[in-house]
Amino acid sequence: MALRHLRRTLTTTATTTKLPILYNSTTTSDGDAVTLQLLSWGRGSSGQLGNGTEESQLYPSPISSLLLPPLSFRLPPSTTSDNINEEQLEVGITCGLFHSALLIDGRLWIWGKGDGGRLGFGHENSVFRPTVNSNLESVRSIALGGLHSIALDSIGQVFSWGYGGFGALGHSVYTRELSPKRVEGSWEGQISQIATSGTHTAAITEAGQLYTWGRDEGEGRLGLGPHRGPNEVGGLSIPSKVKALPVPVVSVACGGFFTTVITNDGQLWNWGANSNNELGRGNRVGGWKPQPIPGLEGVRILQIASGGYHSLALTDEGRVLSWGYGGHGQLGHFSTQNQPVPSVIESLASEKVVYIACGGSSSAAVTDKGELYMWGNAKDGQLGVPGVPEIQPFPIQVKFLMDDDGLGSHKVLSVAIGASHALCLVSRSSDSSSEL
């Protein structure tokens with residue numbers, strides 16, 4: 001049945017499990033509807049867990065549900081094939097420093113700490129449960145930073161809001177914005193992908209050109225070189241094209257002080273800080289000029305994820321590579337040593353990984369079986385496994401508590417990690433093998 005013929009409702013009516021239903025596109029005759037649940041865990045002191053409290057959570061706990069017909073939804077493009085069905089709803093989750101977001105059917109649900117205006121509601125109050133931001137329509141992608149947020153809509157326009165220090169918003173000013181404001185970039189055509197970190201942002205055009213803005217200072221994380229244009233106190237508030245990147249790109253990740261892209265042939269290029277081996281070049285020589293990561297010839301990368309000082313890459317064979325700073329065990333190599341070049345995480349080698357994520361100093365992987373593995377910094381319970389040490393140097397499977405709700409087992413679809421909390425989206429269908 002075409003989605004336009006489905007009854008679509010947004011409601012907070014409680015189910016038998018008392019979870020708010022954030023989205024319902026089923027019909028009365030859909031007896032085989034798929035239930036997706038959003039779960040959160042970790043530090044909750046700013047409301048970022050979305051459970052209505054400021055309490056922390058040591059294990060994944062459901063906070064809301066989505067009801068959908070089978071085969072009616074898809075995950076973000078980085079997790080699927082190139083053959084995208086535009087009639088399917090895109091469902092995505094993301095975490096910032098102390099705020100979180102869920103995207104479904106063009107609507108942005110956002111919650112957590114509100115100072116600086118990072119939630120985009122026109123005020124700076126914190127929000128403790130997922131709430132629709134009515135200031136945006138037809139949202140296609142969302143990226144959350146430290147004190148700001150970035151959104152991409154269905155016609156390729158970029159919006160940003162929150163604290164604008166170091167030019168993080170791209171609005172030619174350095175003041176805060178309490179509501180979403182369009183970024184007036186000089187690019188031609190539409191933007192196809194966005195990414196952000198604590199203070200810098202990147203956007204890719206449909207033609208594969210990369211534009212960056214925000215904090216730069218001495219590391220060169222914007223990739224713009226010494227003559228990059230207008231600036232103020234180490235930042236650039238006007239989006240500028242990365243002219244030194246000679247190849248088209250399809251994906252970008254912003255680390256704490258560095259930037260990494262995937263080219264259209266699946267190769268990795270990066271630039272910026274490298275004092276902790278963030279660039280994976282086998283040395284600690286950083287710089288603003290984009291360069292390919294050596295040693296990955298013949299390896300095709302499907303997804304890249306970056307934390308504060310480390311990165312993960314997912315190959316087309318389902319292997320996970322990691323490199324950079326390892327002081328919290330976030331590289332997954334049974335050690336806290338830095339890794340100077342991309343190296344396969346051997347304890348995941350027997351699994352086929354389909355999705356990866358990084359927080360500030362934590363990491364995660366989802367397998368094709370719907371299992372979630374996490375590792376790294378566990379100080380605030382962000383790994384979702386009670387009893388692990390604060391430093392967890394190898395992947396450990398996250399177990400889910402079974403509720404007596406008749407919805408079947410948990411199949412993890414995607415995961416997102418912030419500085420000290422995490423979200424995941426799971427399917428609770430008793431037969432979840434044919435949902436995607």
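Predicted model only: the values in this text are computed from it and were never measured.
Scanning both residues, Leu39 and Val426, for their nearest heavy atoms gives CD1-CG2, 3.3 Å. Nearest heavy atoms, Thr201 versus Thr196: OG1-OG1, 2.8 Å. Nearest approach of Ile345 to Pro395, heavy atoms of both residues: CG2-CG, 3.9 Å. Closest non-hydrogen pair, Gly327 versus Ile391, comes out as O-CD1, 3.7 Å. Of all non-hydrogen atoms in Pro342 and Ile293, the two that sit nearest each other are CG-CG2, 3.8 Å. Shown here for Val139 and Ser141, the closest heavy-atom pair between the two residues is CG1-O, 3.6 Å.
Sorted by first and then second residue, the pairs that involve residues 361-383 and meet salt bridge (Lys or Arg N to Asp or Glu O under 4.0 Å), not counting sequence neighbours, are Glu351-Lys369. Among residues at least two apart or in separate chains, side chain to side chain donor-acceptor pair (under 3.5 Å) pairs with a member in residues 158-167 are Ser160-His171. Pairs passing the salt bridge (Lys or Arg N to Asp or Glu O under 4.0 Å) check and including a residue from residues 159-179, sequence neighbours excluded, read Glu124-Arg176, Glu177-Lys181. Sequence neighbours left out, the pairs with a member in residues 312-331 that pass side chain to side chain donor-acceptor pair (under 3.5 Å) are Ser322-His333.
Remark: Phe394 engages Phe334, Gln392 in a side chain to side chain contact (heavy atoms under 4.5 Å, CB included) (not counting sequence neighbours). By the ring-ring contact (aromatic ring centres under 6.0 Å, His included) test, Phe159 is found to be paired with no residue, residues two or more places apart in sequence or in another chain being considered.
To the nearest 0.5 Å, atoms OG1 (Thr205) and CD (Gln190) are separated by 10.5 Å. Taking CG of Asp115 as the start and NE2 of His123 as the end, the distance is 12.5 Å to the nearest 0.5 Å. Here the CG atom belonging to Leu22 is positioned 10.5 Å from the CZ atom belonging to Arg129, to the nearest 0.5 angstrom. Residue Leu236 holds its CG atom at 10.0 Å from CH2 of Trp213, rounded to the nearest 0.5 Å. Interatomic distance, CH2 of Trp41 versus CG of Leu383, reported as 9.5 Å (0.5 Å rounding). Remark: Thr35 OG1 to Leu66 CG distance equals 9.0 Å, nearest 0.5 Å.
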Steps toward side chain to side chain contact (heavy atoms under 4.5 Å, CB included) verdict (Val91, Tyr23): CA-CA 11 Å; Val91 183; Tyr23 189 87; over 6 Å; no

Verdict with supporting geometry, Trp111 and Thr131, side chain to side chain contact (heavy atoms under 4.5 Å, CB included): CA-CA 6 Å; Trp111 62 97; Thr131 303; 5.6 Å; no

Verdict with supporting geometry, Leu321 and Leu296, side chain to side chain contact (heavy atoms under 4.5 Å, CB included): CA-CA 10 Å; Leu321 309 175; Leu296 294 180; 3.8 Å; yes

Trace of the side chain to side chain donor-acceptor pair (under 3.5 Å) decision for His421 with Ser100: CA-CA 9 Å; His421 76 292; Ser100 308; 2.8 Å; yes

Full working for side chain to side chain contact (heavy atoms under 4.5 Å, CB included) between Leu312 and Cys358: CA-CA 7 Å; Leu312 303 179; Cys358 288; 3.6 Å; yes

His310/Ser363 under side chain to side chain donor-acceptor pair (under 3.5 Å): CA gap, chis, key distance, verdict: CA-CA 9 Å; His310 78 293; Ser363 304; 2.9 Å; yes

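Counting only heavy atoms from C-beta outward, the side chains of Trp269 and Val247 approach each other to under 4.5 Å. Within the 4.5 Å cutoff, the side chain of Phe258 has no heavy atoms near those of the Asn274 side chain. Contact annotation: the side chain of Leu68 approaches that of Ser25 to within less than 4.5 Å [non-hydrogen atoms, C-beta and beyond]. Counting heavy atoms from C-beta outward, Cys424 and Phe400 have side chains that approach closer than 4.5 Å. With a 4.5 Å cut-off on side-chain heavy atoms, Leu75 and Glu90 do not count as touching. By the 4.5 Å heavy-atom criterion applied to side chains, Ile93 and Trp109 are not counted as neighbours. Proximity of Ile110 to Phe121: side-chain heavy atoms (C-beta onward) are separated by under 4.5 Å at one or more points.
For OH of Tyr59, the number of neighbouring non-hydrogen atoms (other residues, nucleotides, ligands) closer than 6.0 Å is 12 at most. Other residues, nucleotides and ligands place more than 12 heavy atoms under 6.0 Å from the CD atom of Glu297. Within a 6.0 Å sphere centred on CD of Glu206, heavy atoms belonging to other residues, nucleotides or ligands number more than 12.
A donor-acceptor contact shorter than 3.5 Å is absent between the side chain of Asp105 and the backbone of Leu89.
When ring centroids are compared, Phe257 and Tyr309 come within the 6.0 Å threshold.
Judged by distance alone, the side chains of His99 and Ser46 never bring a donor and an acceptor atom under 3.5 Å apart. Side chain to side chain, His200 and Thr212 fail the donor-acceptor criterion of an N or O pair below 3.5 Å.
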